[in-house]
A.B. asks: 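I have a structure I would like to understand better, so I am pasting it below and will then ask my questions one at a time.
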Amino acid sequence: MGRRHRRSGTRGRAGRRAGLAPACLLTFVLGLVPGAARQGAAAATLTEHMDIACTQQAIAALHCDYRLLEGGTLQSAAAELDGTVVAGEHATRYPGPRDTTAVLVLVDTSDPARQPVVARIIAQLDELLDAARPHHRFGLARFDSKLEVLAAPGSTADTFRAAAAGLSATGRTTELYRNVREAVRLLGKSEATRRVLLVFSDGLAEDFAYHHDDVVDAAREDGVVIHGIGYPRSVAQSVALQTIRRLSDETGGLYVQADPIGHTLPPGVFRRLLAAADSGGVLRFDLAALLGADAAGAVDLTLAFQTSGQSFLVLVPVLIPREPDRAAPQAAPPVDATHTAAPPAPRHVAQAAPDAAATAPAAAASWRWILLALLTAILAALLVVIVRLRRNGGARNGADGSSPLAWMVRADARRQRHPIDKTPWRIGRGRNNDLVLDDHSVSRLHAEVRRNEDGQLTLNDLESLNGVFVNDNRIDAIQLREGDDVDIGDVRLQFTLKDEHYANQDATVVVRTRTPL
């Protein structure tokens, strides 16, 4: 491999949310678990329209803190149970006189080649400040391999602008997940009513110790909404932007993509993002009319919402007690001070057994919760088994169960085989590739295998930093043939159309020659 000079250790040039039904199904399952709808417990739900957390602060009072993901104004809200409808009313609207929204801007400053993008972002941050309202508190941070806070949340506009003017792309690697998670934790410590993280990035994630779920879990725990602003390097490399799009989707934020050539953003985009962060408030539902309903106990309450452009439903678990005259204990008879109290019953005398008719429904309900919990656990276990079986089967068969088109084999002692089971089939250092090569000489999105009009497989360089070599010749695109040596950065592979059974067969050996008669 020492035939060419390589540059290693540099960053390669690479590069909704679950719908209403899944969200409602999750809430319904929570309502079936004993204790999930206990008094005072918050039930949080994220749908494609709203982020809402409801708390039953008293038996007859339900308070729901909500935010509309796209912004706007809620026109009406109502709660329904078994045909009984209760109108909701706003206890407060956001923002109130004492509310503040902390906004931390996080800019990806890795890769010096992205300096034109960073310069454009600096100008766009002025537009962000122009769209701000008095209750917004801004901060600024940059990241590549580490996070650096340039202006703490709550800084003045002049301090923010001065810090933004010093932004420059100087980093070499992008530890996106770790640094976004760290920014979430930093924002979570701020004294604010709501917290928003604006991530300006190309979506490349070159860290492996932290993952997508680590960021989402931290954001949901600290009440942070992530808005993603994506800057694609090219049309072919825009797939990397799915990283920040998913972070936005799964934390209740919005995603906006810049123009890949001029890096411009849609008009009014920052007003839209801030309006989405500032919508909503606290709704109050008086549940007195639902007390004593036939569906008493832990039940799912249907909340219906109407905005100017859409209507939608959310299920929330609540606790509805039985009718007061049935549930309230009988008052003890008055004590007559002129009579002495009766002596206690002897220890050997059995106490009266509880009414079997009264305890039977409670016992049946308990068994129902236990059975439902067991069924849920069994279904989850079956899902895990199915996923693992599919993953294990995928090493030999294609995504649709067919045989792979070809294989890439690592040219080392292990000779690990990687099936090319679909096209395009991407190769790179990023975790979203079909073949992940954990080597710093490999770009985040390095190359891909495609199928041409004749059905032949071709290898294409995706503007990688260190290039793609086939049989020691640098290529932009080439048709692959049996036995080709393929160099991706400093990693050598071999292309083959022969399956592992053929490869494991011993070669024919001449043991004796004989002159024919």
A.B. asks: Does the structure place the NZ or CZ of Arg194 under 6.0 Å from the centre of the six-membered ring of Tyr94, at an angle of no more than 45° from the ring's axis?
C.D. replies: yes
A.B. asks: With no hydrogens and no angle check, do the side chains of Arg415 and Gln494 hold a donor and an acceptor under 3.5 Å apart?
C.D. replies: yes
A.B. asks: For Asp144 and Thr173: C-alpha separation, side-chain torsions, deciding distance, then whether side-chain hydrogen bond (donor to acceptor under 3.5 Å, both in side chains) applies.
C.D. replies: CA-CA 6 Å; Asp144 40 64; Thr173 57; over 6 Å; no
A.B. asks: Does a sphere of radius 6.0 Å around CD in Glu191 hold more than 12 heavy atoms from other residues, nucleotides or ligands, not counting ones at 6.0 Å or beyond?
C.D. replies: no
A.B. asks: Between the side chains of Ser441 and Asp439, does any donor sit under 3.5 Å from an acceptor?
C.D. replies: yes
A.B. asks: Between Arg161 and Asp126 (salt bridge meaning N to carboxylate O under 4.0 Å), is one present in this structure?
C.D. replies: yes
A.B. asks: Report yes or no: do Glu175 and Tyr177 form a side-chain donor-acceptor pair below 3.5 Å?
C.D. replies: no
A.B. asks: Among Leu274, Val196, Leu128, whose side-chain contact (heavy atoms from CB on, under 4.5 Å) with His136 holds?
C.D. replies: Leu274
A.B. asks: Let me confirm one number: the CG-CG distance from Leu68 to Asp51, rounded to the nearest 0.5 Å.
C.D. replies: 10.5 Å
A.B. asks: Are side-chain N/O atoms of His263 and Gln124 paired as donor and acceptor at under 3.5 Å?
C.D. replies: no
A.B. asks: Give a yes-or-no answer on whether the side chains of Ser279 and Arg67 include a donor-acceptor pair shorter than 3.5 Å.
C.D. replies: no
A.B. asks: For the pair His227 (side chain) and Leu254 (backbone), establish whether a donor and an acceptor sit closer than 3.5 Å, ignoring hydrogens and angles.
C.D. replies: yes
A.B. asks: Donor-acceptor check, side chain of Ser464 to backbone of Asp461, threshold 3.5 angstrom: yes or no?
C.D. replies: no
A.B. asks: What distance separates Gln257 CD from Ile244 CD1, expressed to the nearest 0.5 Å?
C.D. replies: 8.5 Å
A.B. asks: Is Arg271 atom CZ crowded by more than 12 heavy atoms from other residues, nucleotides or ligands, each under 6.0 Å away?
C.D. replies: no
A.B. asks: I'd like to know if the side chain of Lys146 reaches the main chain of Glu148, judged simply by a donor and an acceptor atom lying under 3.5 Å from each other, with no hydrogens or angles considered.
C.D. replies: no
A.B. asks: Less than 3.5 Å apart, any donor N or O on the side chain of His446 or Arg429 sitting next to an acceptor on the other?
C.D. replies: no
A.B. asks: Rounded to the nearest 0.5 Å, what separation is found between the CD1 atom of Ile475 and the CG atom of Asn460?
C.D. replies: 7.0 Å
A.B. asks: Output yes when a side-chain donor or acceptor of Asp222 lies under 3.5 Å from a complementary backbone atom of Val224, and no otherwise.
C.D. replies: no
A.B. asks: For His49 and Phe305, run side chain to side chain contact (heavy atoms under 4.5 Å, CB included): C-alpha distance rounded to whole Å, both residues' side-chain angles, the deciding distance at 0.1 Å, then the answer.
C.D. replies: CA-CA 10 Å; His49 302 296; Phe305 300 97; over 6 Å; no
A.B. asks: Among Ile420, Leu497, Thr496, which residue satisfies the side-chain contact (heavy atoms from CB on, under 4.5 Å) criterion with Trp407?
C.D. replies: Thr496
A.B. asks: Considering only NZ, NE, NH1 and NH2 on the basic side and carboxylate oxygens on the acidic side, decide whether Arg492 and Asp487 come within less than 4.0 Å.
C.D. replies: yes
